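A, B, ... follow the sequence lines: proteins, then strands. Residue 1 opens every chain. Keep in mind that what you see is a predicted model, and the values were worked out from it rather than measured. Just so you know, these numbers use all the heavy atoms, side chains as well, and skip hydrogens, waters and symmetry mates.
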Amino acid sequence: MSPTDDALLAVSGLRKSFGENEVLHSIDLEVRRGEVVVLIGPSGSGKTTVLRSLNGLETPDAGVVAFAHGPSVDFSQPVSKAERDSLRNRSAMVFQQHNLFPHRTVLENVIEGPVQVQRVRRADAVSQAEALLERVGLAEKRDAYPHELSGGQQQRVGIVRALALKPDLLLFDEPTSALDPELVGDVLGVMKGLADEGWTMVVVTHELSFARQVADEVLFMDGGVIVERGAPAQLFTAPTHERTRKFLDRILRPLD
Amino acid sequence: MDDRLQLLLDSFWPIVWGGITGTIPLALISFAIGIVIALVIALMRLSKNRVLSGIARVYISIIRGTPLLVQLFVIFYGLPTIGWVINPWPSAVIAFSLNVGGYAAEVIRAAILSVPKGQWEAGYTIGMSSTQTLRRIILPQAARVAVPPLSNTFISLVKDTSLASVILVTELFRVAQNIAAFSSEFLIVYMEAGLVYWLICLVLSSGQGRLEKRLDRYVAH
């Protein structure tokens, strides 16, 4: 399947097992340009595996990941390094544990990819990085080391590091799950700003309020399949599947 | 008593000079080459290629499982019997380098493994190759972990270079042996030699502390 006209990314038939355990059954999804797709579901449902497959950090056993005007990687064949790199050229990942480089300053973290991989001139990369840091309110932290920042600041640098690569697609893997509750808002605020600006994003999260406000489409995954998908208004207020309903109940009313 | 004191004073500088011209350069050169060998062996050991990791495993096992003195004798006295004559100095450098290579390989391997997997993934996801990620992201962080044990390896090496005296390399201990044989004051001269080794190691330990501090600057305390 190749992406339809306005689609940026089309995924079809994604399948993956770890040993006996099949974690992805057959995943199909499409992401249109400028769209925010949010994956929700219980842990172990396979949502992170889907996300990581898009960036070549996970190698599915079968299925196709195809970008518009770009690589189309068929995982049922052996995947070459070049194919994996071609996927990574199109997207950038924000991790749960930020994974900033601890031995590099904030600025060095951000320019590493542009300078070392994309061969951008250092001066250009620096001024771009400074502008991005300014945007997330961290301009004055450019020479700090990651351990000198709060969790929320670290994650905002993680987002800036991804943005600096100018990817077509931003991937977020539970970006706020490791944060103290009072720091979550900062990071979600930055993400909402990016969505408003028209960035295409795929987000794995437990923050249903973010999904409700920002997502164009919400996918509910459970047991390695996409159980239900739809606009947040529809999925959150009138889920059609029992499993979706139960999951939402558990999250929205944990004490009942 | 005065004669002995005089001997102590007279022999001090020759012994120190033996350290400066023999022990220290021997240790430095062997360590530098040994670290390169160790890095290669560590990467082979971590490689998914079974042949490479097997070779590395056997190498480490042999080096760690045989006495350094035996390794030195094989190279200096053994190889000439198959027509491979190597002078004392290069023989010592070869033996010590190979030895450091075996011990430090395990240190470096453990240090590389101590860097969280997420650091590799972060490197990959910004588009770096595994070589680039290793060089720019992983090794600098591994270095911080590896410095204390590698410093110990180096300090051990400094002392082990005294073994080179048995293959006639003129270093600190060889000088001391000559003076001791000549004067028959074994206790004084060998204790003096021990003192000079100790002084060298004290200097190295303080250098180690400074290096660790420098590498620690980006870590929260």
Looking only at side chains, do A:R32 and A:T200 share a donor and an acceptor under 3.5 Å apart?
no
Where along residues 153-168 of chain A does a heavy atom come under 4.5 Å of chain B, listed by residue number?
A:R161, A:L165
Can a donor-acceptor pair be found, under 3.5 Å and without considering hydrogens, that links the side chain of B:T125 to the backbone of B:A122?
no
Given heavy-atom pairs under 4.5 angstrom as the criterion, report whether the side chain, backbone, both or neither of A:L171 touches chain B.
neither
For A:L39 and A:V203: C-alpha separation, side-chain torsions, deciding distance, then whether side chain to side chain contact (heavy atoms under 4.5 Å, CB included) applies.
CA-CA 6 Å; A:L39 275 74; A:V203 182; over 6 Å; no
Interatomic distance, B:Y124 atom OH to A:D85 atom CG [nearest 0.5 angstrom]:
10.5 Å
Strictly by ring pair (Phe, Tyr, Trp, His ring centres under 6.0 Å), give each pair with a member in residues 79-102 of chain B just once, sequence neighbours left out.
none
Non-hydrogen atoms of chain A under 4.5 Å away: do they reach the side chain of B:E121, the backbone, both or neither?
both
Among residues 109-122 of chain A, residues within the sub-4.5 Å heavy-atom range of chain B, in order of number, are A:E112, A:G113, A:Q116, A:V117, A:R119
OG1/A:T49 to CG/A:D173 distance, rounded to the nearest 0.5 angstrom?
9.0 Å
Which bit of A:F101 is near chain B, if near means a heavy-atom gap under 4.5 Å: side chain, backbone, both or neither?
both
A:V202 vs A:L51 side-chain heavy atoms within contact, under 4.5 Å
yes
Residues 43-79 of chain B vs ring pair (Phe, Tyr, Trp, His ring centres under 6.0 Å), sequence neighbours excluded, gives B:F73-B:Y77
Test B:Q177 against B:S165 for side chain to side chain contact (heavy atoms under 4.5 Å, CB included), laying out the working first.
CA-CA 9 Å; B:Q177 276 179 317; B:S165 62; 3.7 Å; yes
Under a 4.5 Å heavy-atom cut-off, does chain B meet the side chain of A:R84, its backbone, both or neither?
neither
What I'd like to find out is whether the side chain of A:L107 reaches to under 4.5 Å of the side chain of A:E130, using heavy atoms alone.
yes
Flag side-chain contact, heavy atom, 4.5 Å: A:V23 against A:N21:
yes
